[in-house]
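Notes for the one structure printed next.
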Amino acid sequence: MKNTSKFLVALALVSLMTGCSDDFFDINENPNSLTLESATPNAILAQALKVTADNYGLTLNTYGSWTAGYWGKTGTVNGYNAERTYTYSSTYQQGLWGSVYDNLKDYDNIEKNGAAQGLVYISSIAKIMKALNYQLLVDQYGDIPYSQSLQADAATPLLAPQYDKAEDIYKDLVVKLDEAVAAIQNETKNNSATAVAVGPEDIVFGGTMANWTRFANTLKLRILLRQSFVPALDGYVRTEMAKLQSSTGGFVTADVLVQPGYLQTAGKQNPFWNSYRANPAGARIAQSNYQAGTQYVIDQYDKNNDPRVSQLYVLASAGTFNGKYKGVVLGDPNPLPGSTQISRWKDYGGILKGYDAPTPLMLAAESYFLQAEAKSRGFLTGGDAAAKTDYNNGIRTSFVYFYAPAPSRAGTTSNVSANAAADYAKYLAANTTNGLVDWDAATTTTTLGAPVGSPTRPVSKLEKIIYQKYLAMNSVTAIEAWNEYRRTTFPKFPASLQSTSPRADKLPVRLLYPQTEISTNASNIPTGVNQFTSKIFWDVMD
């Protein structure tokens, strides 16, 4: 593994403290500036958070959108063989590995330098973000370098770190999150007068440490639930859940968003918008027509009278399906063109919000659905009544997110945020007998993916939670939908028609270790890894 030290621009700190958000993007542009290891932690926090947003909101969201059945290829372009067949190679998505480890090195230096300088808050933020990033890697690769992964520096580079067991890493991430929360709360309680505040360099919460505590608690809840079906870990999970229940701080109640001050300028647009909608001049890019929503996911909104469909997609405007919601089919060898004959993402809607839209790191909807599952399964107290409240809040906050505009669209007709509450109420009212929507309904009106009128069947609390989470994460935090499918087997979306997978669901279970790692650390990489058979340790349900 390569040495991940970077160069930084000292001026970035000045830019941040004076509120010049457009300049912080330039933090890595001067190769003659001071090194990361000697930089002031505040000077590099914004850039580290922005890189996490790029990795999560673009790279992982894109990968998750293909594997979780949200996206399919249109007839406008050739290629996408790996996405259509799941025939991965060691070069598929290999940039993710190095980018996340580079990001982890940034946070490691922030944490260590912050602690050395008595900056408890910023050091704790870095520790929380390290936990997030390590979980992202474990969930796609399983065993990874962890205990030795960040030991490299300019003087003593460690090019071949050992691999740690994924389940051991997960347990240590829980410990690290507990440590970060305890440090924040202790500093706030005992040293509030002398504590050094975090300011505008925190482009997530603006230095509000109570929000970082909630985020850490919710990450811990996610980590614990992710491994909760492993029989041998049941006692451990319940013990840690009890600790979480008794801790103070609560869970996330608003979307966790990264907002560095995106601009309609080269290199400074929202990364998703920049990759899938428009260039800085505002012109639609060709890539915007290469992928589209699948028929399956569009049907889950359209056939369940879900008003979100009109905020996410537009009606086809030409061809056989003119005036209808028409998606693509995963792996279809002859898909319809992606411009007018199918339903593209709505411009300035819930997925394509705008060039200056913030990037989500966690949706409030996910937090509520995690709590609903934990309570319905008896991991947290509250029982069915509390779980129902959380479940409905998960749906409600999904409406709020999808209906909220980008800052530059707030004063335009695309700002439909005022309709979110009313449309949420309409959705619940229209589905009182639908077990996939109504908490108290025991059956669904149709089998998942089946035509209207098909026989009803029982729906568990877990299935409806994951189903609604799936709808909330569509093309936004899609990697979590993919993780949750592997954990729970819900929802039962159709796999690619061209899949080469030997599995019953015809899907993969992981990414392969990247060629960059094979070339430098082959002696430590686990052997015999296959994208169809080498599951992550928490994937035990099928």
Problem set entry | Derivation and outcome, salt bridge (Lys or Arg N to Asp or Glu O under 4.0 Å), residues E373 and R487 | CA-CA 13 Å; E373 180 183 345; R487 178 177 75 95; 2.6 Å; yes
Exercise. Does the side-chain contact (heavy atoms from CB on, under 4.5 Å) test come out yes or no for I395 and F369, once each step is laid out?
Worked result: CA-CA 9 Å; I395 300 174; F369 288 131; 4.0 Å; yes
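A cation-pi contact links R377 to F229, judged by a cut-off of 6.0 Å to the six-membered ring centre and 45° from its axis. Under a cutoff of 6.0 Å and an axis angle of 45°, K353 and Y401 form a cation-pi pair.
With hydrogens and angles disregarded, no donor-acceptor distance shorter than 3.5 Å links the side chain of D356 to the backbone of Y262.
Note: Y470 and Y70 meet the aromatic proximity criterion, with ring centroids under 6.0 Å apart. Between Y513 and Y163, the ring center distance clears the sub-6.0 Å criterion. If you look at Y141 and W97, their ring centroids are closer than 6.0 Å. Separation of the Y86 and W66 ring centroids does not fall under the 6.0 Å cut-off.
A perpendicular orientation is assigned to the rings of F205 and F215, their planes being inclined by more than 60° (bins at 30° and 60°). Taking the six-membered ring for Trp and thresholds of 30 and 60 degrees, Y276 and W71 have ring planes more than 60 degrees apart, a perpendicular arrangement. A tilted orientation is assigned to the rings of F399 and Y403, their planes being inclined by 30° to 60°.
For K469, the salt bridge (charged side-chain N to carboxylate O under 4.0 Å, His left out) partners are E484, not counting sequence neighbours.
In summary, of the residues considered (D106, D108, N103), a side-chain hydrogen bond (donor to acceptor under 3.5 Å, both in side chains) with K130 occurs for D108 alone.
Two residues are said to be in side-chain contact when any heavy atoms from C-beta on lie closer than 4.5 Å; S275 and L58 meet this criterion.
The environment of NZ in K165 is sparse: at most 12 heavy-atom neighbours from other residues, nucleotides or ligands sit within 6.0 Å.
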